4 protein chains.
Amino acid sequence: MPRPSVEVERRAQILRATCRVIAENGLRNLRISDVARLAGLSGGTVHYYFDTKQDLAQAAFEDCFERSLERRRWLLDSRADAVTRLRQVVDSYVPGTPETVEAWKVWVELWAESPRSPRLRELNERLYGEWRRIVAAIVRDGQARGQVADGDPLVLANMLVGMIDGLAVQVLAGSQSLTADRMRTTCLEFVDTVLAAQNSPHPVPGRRARAQSTSDNA
Amino acid sequence: MPRPSVEVERRAQILRATCRVIAENGLRNLRISDVARLAGLSGGTVHYYFDTKQDLAQAAFEDCFERSLERRRWLLDSRADAVTRLRQVVDSYVPGTPETVEAWKVWVELWAESPRSPRLRELNERLYGEWRRIVAAIVRDGQARGQVADGDPLVLANMLVGMIDGLAVQVLAGSQSLTADRMRTTCLEFVDTVLAAQNSPHPVPGRRARAQSTSDNA
Amino acid sequence: MPRPSVEVERRAQILRATCRVIAENGLRNLRISDVARLAGLSGGTVHYYFDTKQDLAQAAFEDCFERSLERRRWLLDSRADAVTRLRQVVDSYVPGTPETVEAWKVWVELWAESPRSPRLRELNERLYGEWRRIVAAIVRDGQARGQVADGDPLVLANMLVGMIDGLAVQVLAGSQSLTADRMRTTCLEFVDTVLAAQNSPHPVPGRRARAQSTSDNA
Amino acid sequence: MPRPSVEVERRAQILRATCRVIAENGLRNLRISDVARLAGLSGGTVHYYFDTKQDLAQAAFEDCFERSLERRRWLLDSRADAVTRLRQVVDSYVPGTPETVEAWKVWVELWAESPRSPRLRELNERLYGEWRRIVAAIVRDGQARGQVADGDPLVLANMLVGMIDGLAVQVLAGSQSLTADRMRTTCLEFVDTVLAAQNSPHPVPGRRARAQSTSDNA
DNA sequence: TATGAATGAGATTTCATTCAT
DNA sequence: GATGAATGAAATCTCATTCAT
């Protein structure tokens with residue numbers, strides 16, 4: 001009397017395993033047999049759920065991306081002030097926990113593969129776009145409440161997200177001079193000194209001179 | 001009567017071909033035979049110069065990285081004012097020319113592979129570190145001349161370089177909402193409104209904070 | 001509903017084929033594809049059961065050696081008198097049947113390869129040692145029954161086994177002056193005139209000296 | 001002004017190197033490039049002197065075999081008594097010196113290869129036959145002088161030579177239970193107790209009844 | 001639904017051989 | 001005489017995919 005849900009369960013199980021293999025070995029070394037072993041299944045079974053390796057990889061990328069987004073969606077609904085939330089964005093993205101590190105590694109693989117895969121491109125466009133819109137919404141909200149400095153919210157969001165991505169890539173690549181800590185400090189500094197409005201309730205010790213700019217220049 | 005050693009020339013020829021193949025097909029699909037065809041040689045000849053595919057890839061990464069750096073080293077010696085040079089940094093990195101695009105694709109492959117390769121990690125550390133130091137030197141120089149805002153030069157450089165990298169990755173990945181143009185605008189905005197000192201000779205219309213600039217779209 | 005595991009059967013099938021190829025072509029020319037063809041399988045299947053060619057060769061050597069020993073173990077339990085059994089030892093080793101010839105060729109390959117392979121060395125030590133002990137046991141038993149001349153049983157066994165091996169190698173090498181027949185005559189002569197006790201029930205015309213006693217060694 | 005002898009010299013140099021490579025790596029792993037390196041030449045040069053790898057191997061086998069024989073031909077002319085000379089035969093063949101070990105390894109390779117090479121077969125026939133005839137001549141001479149027990153000299157020589165070969169193969173194969181020492185003891189025991197006539201001037205401690213034989217049975 | 005067995009296409013790698021210099 | 005460079009044929013090995021059970 002097979003539970004009807006067995007299929008859903010199996011798929012999830014296989015996709016998680018696939019993400020782990022991609023993170024650990026790289027898409028380059030993704031082998032069905034490794035996925036099978038990690039999932040405690042046979043290679044044949046993996047193929048029973050996913051026709052081709054490509055399908056499997058694509059589905060895994062989607063799964064990983066969606067779960068990542070899900071994990072952060074609470075930021076959008078948070079009632080905290082915008083700068084706090086932006087700092088939370090940074091914190092939630094610094095590659096610290098195994099979960100975060102795994103997700104980052106999968107993203108980098110996805111980005112490296114995208115130029116040759118319309119489907120991955122579309123996936124990135126959709127989910128990464130959503131992510132950038134979330135950050136932009138926080139910025140816009142903060143501006144409306146006077147917590148975030150003026151400026152095109154999307155541009156500011158792109159600055160932050162770009163910076164996070166670029167520095168994370170270095171952290172992931174194992175840079176000794178660009179550690180997770182330094183990444184965190186740098187991004188938070190950006191939030192505090194560039195994004196936060198002057199009257200922000202986040203007086204950062206050693207606040208840097210710049211970007212007070214606006215008023216001066218305005 | 002030794003012919004003028006053809007070795008140096010041949011190695012370079014093979015490495016260029018390898019970079020092109022990596023950029024086009026991904027490290028994942030790097031095939032010796034493709035390299036050979038592109039270089040107009042036999043597969044055996046490629047192996048005559050590089051023992052293993054791994055050696056070849058590593059050497060190609062080094063070659064690509066070094067040439068990229070070489071192409072930008074003039075920025076360090078430039079007499080132009082710091083902000084101009086920082087804008088040149090941005091411009092020189094926006095993936096526009098085929099050459100730039102190729103280099104970026106190779107870097108992303110390198111970063112994706114680094115977690116599993118100490119040699120690549122070391123390579124990135126060395127050359128990428130040098131690159132960040134170059135940018136930091138421009139910042140420091142600009143600060144000394146009052147052209148760049150105060151703040152830890154390395155932190156500021158990391159912000160800019162990180163932003164460039166993160167956004168470039170999206171451009172490379174073929175994002176439709178984050179195009180090369182938008183990357184350029186965003187990074188230049190950062191240079192002009194965050195890095196440039198207030199009395200900078202680059203009075204940007206609509207100076208920062210508001211970045212009313214562009215687009216609410218995307 | 002697992003089929004009765006085909007694995008044991010398939011492995012045996014592949015190993016027999018491998019032995020035949022080694023015997024016919026030499027280890028030097030052992031090709032997976034030949035093994036596959038001879039076993040009626042695909043090359044991939046051979047690799048499905050044996051990871052590397054080396055593993056395959058090692059396993060084949062073991063298989064050949066063990067089967068050879070198995071084929072002779074009855075000699076140990078035989079109730080016949082010792083000299084008869086020693087003559088049977090000789091007879092069973094003269095390269096006559098295709099089976100014997102094949103086994104000999106494999107052994108020579110193994111011996112030639114041993115200096116470079118600890119695993120083969122260990123294999124030879126274990127199985128060849130056992131074989132020498134079997135012969136020594138026959139000698140010892142014969143001595144106890146007064147059928148075999150005195151002398152250190154292991155030394156006498158080594159003389160016989162060494163002689164058999166050395167002459168067989170020449171037979172195998174295709175010597176025209178040292179044929180299987182001559183090998184047989186020579187070894188039997190040794191059994192009859194050196195090993196057999198004088199009152200042995202095997203009165204050989206032209207009986208010669210035996211080498212009882214001895215051995216401070218072994 | 002090239003010396004006319006350079007060619008002879010080069011050939012010898014290459015052949016020695018080939019023997020060493022065969023002994024160390026096995027015929028199986030004989031590579032022209034290794035020979036070249038060991039001889040301090042280029043691969044091209046090796047081919048200048050030997051058309052094909054097969055030619056090279058064949059010539060090397062001949063060279064090795066002939067030099068071995070040469071090294072022992074003094075035994076034939078020795079004035080010592082036969083038993084002494086037979087003991088010298090044994091001693092000179094126990095794999096002790098690097099030179100002996102190398103020669104043995106090459107022979108085993110030759111024997112392993114012979115079944116598939118008429119040329120090697122012919123070589124073995126010719127040179128090994130000569131060697132067996134040398135030993136038989138010593139036996140015959142000893143019998144004529146009453147130093148060696150009766151019996152077909154060729155059969156007795158084959159016994160000794162076979163025993164030497166068979167045991168040497170085990171020593172070469174790295175047997176721990178059949179060491180060079182044990183090989184030596186065993187073969188000398190055979191010489192002293194089986195080949196030596198009763199009135200031999202080699203009273204072996206522990207020596208017992210032997211060789212009266214013949215007459216008893218006659 | 002699940003799997004172990006089998007396959008074959010494809011990639012790397014090795015290396016004897018050739019040849020221009 | 002001698003060599004470095006280049007080649008291409010051949011062999012091992014990998015692994016996605018198929019399929020009978």
Side-chain angles (χ1 to χ4, degrees), chain A residues 2-4 6-7 9-10 29-36 39-57, chain B residues 1-7 9-11 29-36 39-56, chain C residues 1-7 9-11 29-36 39-56, chain D residues 2-4 6-7 9-10 29-36 39-57:
Chain A
R3 285 167 299 165
V6 73
E7 186 160 330
E9 230 174 84
R10 278 282 174 285
N29 302 92
L30 175 62
R31 252 169 286 131
I32 300 277
S33 61
D34 286 338
V35 171
L41 299 169
S42 76
T45 303
V46 173
H47 270 288
Y48 181 79
Y49 286 95
F50 299 90
D51 277 354
T52 70
K53 186 177 155 178
Q54 259 211 76
D55 288 346
L56 176 64
Chain B
M1 199 73 49
R3 289 151 284 178
S5 176
V6 78
E7 185 180 332
E9 184 187 348
R10 195 65 79 245
R11 284 181 67 97
N29 301 312
L30 175 60
R31 252 171 282 127
I32 300 277
S33 60
D34 288 335
V35 172
L41 299 167
S42 75
T45 301
V46 174
H47 271 100
Y48 182 77
Y49 287 95
F50 298 91
D51 279 350
T52 70
K53 184 177 152 174
Q54 256 211 86
D55 286 347
L56 176 64
Chain C
M1 199 73 49
R3 288 150 285 176
S5 176
V6 77
E7 182 180 333
E9 184 188 346
R10 194 66 79 244
R11 283 181 67 96
N29 301 312
L30 175 61
R31 253 171 280 125
I32 300 277
S33 60
D34 288 336
V35 171
L41 298 168
S42 75
T45 302
V46 174
H47 271 102
Y48 182 77
Y49 287 95
F50 298 91
D51 278 351
T52 69
K53 184 176 151 175
Q54 255 211 86
D55 287 347
L56 176 64
Chain D
R3 284 167 299 164
V6 74
E7 187 162 332
E9 231 175 84
R10 280 281 175 284
N29 302 94
L30 174 62
R31 254 169 286 133
I32 300 276
S33 61
D34 286 338
V35 171
L41 299 168
S42 76
T45 303
V46 173
H47 271 287
Y48 181 79
Y49 286 95
F50 299 89
D51 276 355
T52 71
K53 184 176 154 175
Q54 259 211 77
D55 288 346
L56 175 65

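Chain identifiers are assigned alphabetically (A, B, ...) following the order of the sequence lines, protein sequences preceding nucleic acid strands; residue numbering begins at 1 within each chain. Basis for what follows: all heavy atoms, side chains included, without hydrogens, waters or symmetry-related copies. Worth saying up front: this structure is predicted, and the values here are computed from it rather than measured.
- Here B:Y49 lies in heavy-atom contact (under 4.0 Å) with sugar-phosphate atoms only.
- For the residue pair A:V6 and A:Y49, the shortest heavy atom distance occurs at O-OH, 4.4 Å.
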Pull out every protein N or O sitting under 3.5 Å from an N or O of nucleotides 14-18 of chain F, one pair per line with the distance.
{"residue": "F:dC15", "atom": "OP1", "partner": "A:R31", "partner atom": "NE", "Å": "3.0"}
{"residue": "F:dC15", "atom": "OP2", "partner": "A:R31", "partner atom": "NE", "Å": "3.3"}
{"residue": "F:dA16", "atom": "OP1", "partner": "A:L30", "partner atom": "O", "Å": "3.3"}
{"residue": "F:dA16", "atom": "OP1", "partner": "A:K53", "partner atom": "NZ", "Å": "3.1"}
{"residue": "F:dA16", "atom": "OP2", "partner": "A:I32", "partner atom": "N", "Å": "3.0"}
{"residue": "F:dT17", "atom": "OP2", "partner": "A:K53", "partner atom": "N", "Å": "2.8"}

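- If you take CD1 on A:I32 and NZ on A:K53, they are separated by 6.5 Å, rounding to the nearest 0.5 Å.
- Atom CZ of B:R11 is separated from atom P of F:dG4 by 17 Å (rounded to the nearest Å).
- When all heavy atoms of A:G43 and A:A36 are compared, the closest pair comes out as N-CB, 3.7 Å.
- Checking F:dT14 for Watson-Crick or G-U wobble geometry (two distances, each under 3.5 Å) identifies E:dA9 as its partner.
- A straight line from CG of C:L41 to C1' of E:dG8 spans 14 Å, rounded to a whole angstrom.
- Put simply, C:S42 has no side-chain N or O that comes within less than 4.0 Å of OP1 or OP2 on E:dA6.
- Look at E:dA20: its Watson-Crick or wobble partner, with both distances under 3.5 angstrom, is F:dT3.
- The CZ atom of D:F50 sits 15 Å away from the C1' atom of F:dG1 (whole-angstrom rounding).
- Under the rule for a salt bridge (Lys or Arg N to Asp or Glu O under 4.0 Å), the partners of C:R31 that lie at least two apart in sequence or sit in another chain are C:D34.
- Atom CG in C:L56 sits roughly 15 Å away from atom P in F:dA11 (whole-Å rounding).
- Rounded to whole angstrom, the span from the CG atom of B:D55 across to the C1' atom of E:dT13 amounts to 12 Å.
- Judged by distance alone, with hydrogens and angles left aside, the side-chain atoms of D:T45 form no donor-acceptor pair with the main-chain N or O of D:Y48 at under 3.5 Å.
- Considering only side-chain N and O atoms, B:R10 lies under 4.0 angstrom from the phosphate OP1 or OP2 of F:dA6.
- Of all non-hydrogen atoms in D:L56 and D:F50, the two that sit nearest each other are CD1-CD1, 3.7 Å.
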